[in-house]
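Read the structure below first, then the notes.
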Number of protein chains: 2
Amino acid sequence: MGFMIAQRAFIKVYLITMVEQQRGYGYQMLEELRKDFSSFGYSPPQSEIYRALHELVQEGVLYRTKHLKGNDPKVDFQEIVLYHFTDEGSEKAELYKKQIKGDLDRCLGILNKAVNDNY
Amino acid sequence: MGFMIAQRAFIKVYLITMVEQQRGYGYQMLEELRKDFSSFGYSPPQSEIYRALHELVQEGVLYRTKHLKGNDPKVDFQEIVLYHFTDEGSEKAELYKKQIKGDLDRCLGILNKAVNDNY
DNA sequence: TAATGAACATTATGTTCATTA
DNA sequence: TAATGAACATAATGTTCATTA
């Protein structure tokens, strides 16, 4: 076991939740997370998002589809990658989330204890 | 800023608190921390304790004194190292603790948000 | 085994670069 | 600039070894 939860795992859980809600592609999720956490002074690095997504694909949780962003190819032909659950993906994802939930609680326990013990 | 608090910083705060309370030497503090956190599945590695203590000395917060562990040198001549605050040490330590408190709260905020958002 | 310390190895990250229907 | 990805660099750890008044 490590000390705190790994950033990667933390991000993966968010990505899973976002895919559940059909929310967007990598860059978009990155922006959303950055916005959501900016008040905490936390800005997830771009590389971590993509690494996390790649891992989820590797692990057979997600698969990818490519699309053009805009509907008018003349104006906007930027390619984006959307993510979806594979057949066993939803199940795997839930298991993973459950595991990470334990980790989050563990970290909360440790940190709360530290506050109690030292302040 | 990083993601979670670093283990080193976390341990340093505990060491400072322990030195405030005159509790023991490195190995002993290690054992105590391990015992305290065993229920969380967290066992701080030995190297981190010593590294943290060395850093606190480097930073001018603590200084060291060497002693023999037992009072009877025939029975026990194991050398131990005790730590004390330097003149400016207490002040520095309090500042450091204050800083880390902010970090702890930040981490708690992030983790609680994650639980709310994903579960 | 207790106690300290250093050396070594590895992983998780952060940073920068490359590419573009 | 938006979007994706890979490459590179480094810091923070975890693991093992050495030493012992």
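In this entry the distance linking CD of A/Q46 with P of D/dA7 reads 14 Å, nearest Å. For the pair A/H54 NE2 and C/dT13 P, the interatomic distance rounds to 16 Å; values are reported in whole Å. In this structure, the CE atom of A/M29 is 17 Å from the P atom of D/dA2, given to the nearest Å. Taking atom CD1 on A/I49 and atom P on D/dA6, their separation rounds to 16 Å, with Å as the unit. Look at OH on A/Y50: it is 18 Å from C1' on C/dT13, rounded to the nearest Å. B/E31 has its CD atom 10 Å from the C1' atom of C/dA3, to the nearest Å. A straight line from CG of A/L30 to C1' of D/dA2 spans 11 Å, rounded to a whole angstrom. Rounded to whole angstrom, the span from the CD atom of B/Q28 across to the P atom of C/dA2 amounts to 12 Å.
Taking the ring axis of B/F40 as reference, the NZ or CZ atom of A/K113 does not stay both within 45° of it and closer than 6.0 Å to the ring centre.
With D/dG5, D/dT13, D/dG14 as the choices, the nucleotide that has an atom nearest any side-chain atom of B/P45 turns out to be D/dG14. In the set C/dA2, D/dT4, D/dA6, the nucleotide with an atom closest to the side chain of A/Y27 is D/dT4. Which of D/dA7, C/dG5, D/dA21 sits closest to the side chain of B/V81 comes down to C/dG5. The side chain of A/I80 sits closest to D/dA3 out of D/dT15, D/dA3, C/dT13. Comparing atom distances between the B/Q78 side chain and each of D/dT4, C/dA2, D/dT16 picks out C/dA2 as nearest. Side-chain proximity of A/K69 to the nucleotides D/dT4, C/dT4, D/dA2 is greatest for D/dA2.
Mapping B/G2 and B/K66 onto DNA chain C by nearest heavy atom places B/K66 closer to the 5' end of the strand. In terms of position along DNA chain D, the nucleotide closest to A/G26 lies nearer the 5' end than the nucleotide closest to the other residue of the pair A/F3 and A/G26.
Judged by distance alone, with hydrogens and angles left aside, A/S47 brings no side-chain donor or acceptor close enough to the base of C/dT13 to form a pair under 3.5 Å. In terms of polar N and O atoms assigned as donor or acceptor, the side chain of A/E79 never comes within less than 3.5 Å of the base of C/dA21 in a complementary pairing. Interface remark: the B/E48 side chain does not form any donor-acceptor pair with the D/dG14 base, using a distance-only criterion of under 3.5 Å.
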Please test B/K97 against B/T17 for side chain to side chain donor-acceptor pair (under 3.5 Å), starting from the C-alpha separation and ending with a verdict. CA-CA 9 Å; B/K97 278 176 85 166; B/T17 299; 3.0 Å; yes
Kindly determine whether A/Y42 and A/Q7 satisfy side chain to side chain donor-acceptor pair (under 3.5 Å), including the steps that lead there. CA-CA 11 Å; A/Y42 170 51; A/Q7 185 178 201; 2.7 Å; yes
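Contact record, A/P44 with A/L30: O-CD1, 3.4 Å, taken as the closest heavy-atom pair. In plain terms, the two heavy atoms of A/F85 and A/Y63 that are nearest each other are O-CE2, 3.3 Å. The heavy-atom pair separating A/Y14 from B/A114 by the smallest distance is OH-CA, 3.3 Å. Summarising the geometry of A/I5 relative to B/M4, their closest heavy-atom pair is O-CG, 4.1 Å, with the distance given to 0.1 Å.
Backbone-only engagement by A/Q7 is indicated by non-hydrogen atom pairs under 4.0 Å involving sugar-phosphate atoms exclusively. Contacts of B/F10 with the nucleic acid, taken as non-hydrogen atoms under 4.0 Å apart, are absent.
Between B/R8 and B/E55, at least one side-chain N (NZ, or NE/NH1/NH2) sits under 4.0 Å from a carboxylate O, which counts as a salt bridge.
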Would you write the dot-bracket representation of DNA chain C, where each base gets (, ), [, ], | or . depending on whether it forms a Watson-Crick or G-U pair under 3.5 Å and with which partner? .|||||||||||||||||||.
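A sub-4.0 Å separation between OP1 or OP2 of D/dA7 and a side-chain N or O of A/R51 is absent. The phosphate of C/dA3 has OP1 or OP2 within less than 4.0 Å of a side-chain N or O from B/Y25.
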